[in-house]
Amino acid sequence: MSSARPARLLRSTGVVALAAGLTLLLGGCKVPTGEASAAAQATTNHDLAAVTVTSGDGADPTLKVPSPFAVDKTETRVVEEGDGDAVGLGQQVTIRYTAVNGTDGRPLLDQTWTSDPTTFVVGTQSTLPGFDDGLRGLRVGAKALIAIPPDAGYGVQGNTSLGVGPTDTIVCLVEVLDTQTLLTKAEGKAVTPKKGLPTVKRDAKGVPTVTLPKGKVPTSLVVQTLIAGDGAKVAKGDDVTVQYVGVIWPGGRVFDSSWRKTAPARFQIGNAKTITGWDGIIGQKVGSQVLLVVPPDKAYGAEGRDQFGIKGTDTLVFVVDILGAQKAAAA
């Protein structure tokens, strides 16, 4: 279908690049390579408790990191306790944050403390794994420091636009503003579909099974509501959270399913982030289950998609449970 649209922290590249060339200064003398490595290790701080946060009335918080700073696993330190609901897997969370590079203490420009907060669903790969993991268990109202090592961040490739190198630890101050429990499956009034369409049955957990009918395959997009939810209508440009299964017609083979993954999918709808056929859920209500029958010209076209085993003549069938929709955060 498409990759999910990320929340702006940590996977986004649409930011102003910082100056390149981070250098660890070990002193005025030359040090042999082996000794340099040992010296760097000896002077690197690994204690998140050594990071200080300063803020005054009306002032933005600042982080002071004893650089060079590094951790080998994600760590979280609560600065101020919250008293609201706790953040958990699959929940929609709204936060603001500021971040610095642990190697040299420079602020990263990809942050939201003074701009619009960012919202995403925990566990949907919307952020780096370390940031995602570090938020879990925090309560609404909490402020916390999260230290993210490279292997839970950008990995060996780093992120040049942010000024993050392949061995840099990222240190963030996060405030949890809100968290909401999303639907786990479609809920609402059953709708009788038109005849001749694929039929859908779902198990107790809501996982759908699609059975294809005999006869001609539709040549135009079909949008059929199967369960009518009563939530907000999905609008063009919204970030939607869905569970879905995709089937190839003919044959009936499942080529993709969010139900097989750890959390629902989340992406932006209506702005060419997905195949065109998915725009059929625009105007549907949260809580709904929608059947999409997508002809090749509104899917992957004549070239198909080899990695999914989709030919250029294949029609795709999706069953989509709309679990949430929200106006997309500013890029």
Side-chain angles (χ1 to χ4, degrees), residues 1-5 85-93 119-126 132 136 179-213 221-235 238-249 251-269 273-275 277-294 299 308 315-326:
M1 184 190 61
S2 168
S3 60
R5 177 182 183 272
D85 293 336
V87 176
L89 181 66
Q91 288 188 308
Q92 181 173 277
V93 61
T119 299
F120 58 93
V121 177
V122 177
T124 55
Q125 299 181 347
S126 298
D132 211 21
R136 298 187 196 185
T179 189
Q180 297 181 20
T181 300
L182 298 175
L183 296 172
T184 58
K185 60 183 179 181
E187 294 181 3
K189 183 179 180 180
V191 177
T192 302
K194 295 178 182 178
K195 294 182 179 180
L197 294 178
T199 57
V200 178
K201 292 184 179 181
R202 60 179 188 165
D203 63 19
K205 293 182 178 180
V207 182
T209 299
V210 179
T211 301
L212 300 178
L221 178 67
V222 175
V223 180
Q224 172 66 62
T225 304
L226 301 177
I227 297 174
D230 60 3
K233 284 188 177 181
V234 175
D238 279 356
D239 283 334
V240 295
T241 303
V242 302
Q243 291 279 27
Y244 69 89
V245 62
V247 170
I248 298 174
W249 192 356
R253 181 176 65 83
V254 175
F255 69 91
D256 193 14
S257 175
S258 66
W259 292 97
R260 296 174 176 174
K261 301 170 186 177
T262 58
R266 181 176 169 85
F267 50 85
Q268 191 179 96
I269 195 71
K273 305 293 184 181
T274 65
I275 59 172
W278 267 82
D279 290 354
I281 70 171
I282 295 173
Q284 297 284 334
K285 292 184 177 182
V286 172
S288 298
Q289 183 179 81
V290 183
L291 174 73
L292 301 174
V293 181
V294 185
F308 290 139
T315 290
L316 307 182
V317 178
F318 293 94
V319 179
V320 185
D321 284 18
I322 306 173
L323 308 182
Q326 183 174 12

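Bear in mind the structure is a predicted one, so any value in this text is a computation, not a measurement.
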Revision key, fill the gap. Nearest heavy-atom approach of G196 to W249 is O-CH2, 4.5 Å
**Study point:** Heavy-atom closest pair, residues L212 and I248
**Key:** CD1-O, 3.7 Å
**Study point:** Any donor-acceptor pair under 3.5 Å from D132 side chain to G123 backbone
**Key:**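 Yes; judged by distance alone, with no hydrogens or angles, the pair exists.
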Point to revise | Any donor-acceptor pair under 3.5 Å from S288 side chain to V290 backbone | key: no
Exercise for review: Could you check V222 against K194 for side-chain contact (heavy atoms from CB on, under 4.5 Å), going step by step and ending with a plain yes or no?
Suggested key: CA-CA 10 Å; V222 175; K194 295 178 182 178; over 6 Å; no
Can you measure from [atom1] ([X]) to [atom2] ([Y]) and round to the nearest 0.5 angstrom?
{"X": "I269", "Y": "Q284", "atom1": "CD1", "atom2": "CD", "answer": "11.0 Å"}
{"X": "T119", "Y": "D239", "atom1": "OG1", "atom2": "CG", "answer": "8.5 Å"}
{"X": "T315", "Y": "L221", "atom1": "OG1", "atom2": "CG", "answer": "10.5 Å"}
{"X": "I281", "Y": "Y244", "atom1": "CD1", "atom2": "OH", "answer": "11.5 Å"}
{"X": "I227", "Y": "D321", "atom1": "CD1", "atom2": "CG", "answer": "6.5 Å"}

Review point. Salt-bridged, K233 to D238, with N to O below 4.0 Å?
Key: no
Check your understanding: Just wondering, do V207 and R202 contact through their side chains at under 4.5 Å, heavy atoms?
Key -> no
Review point. How about P198 and V293: do any of their side-chain heavy atoms sit closer than 4.5 Å?
Key: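 A side-chain contact under 4.5 Å exists here.
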Exercise for review: Hey, can you tell me if W278 and F267 have their rings parallel, tilted or perpendicular (30° and 60° cut-offs)?
Suggested key: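 Plane angle over 60°, so perpendicular.
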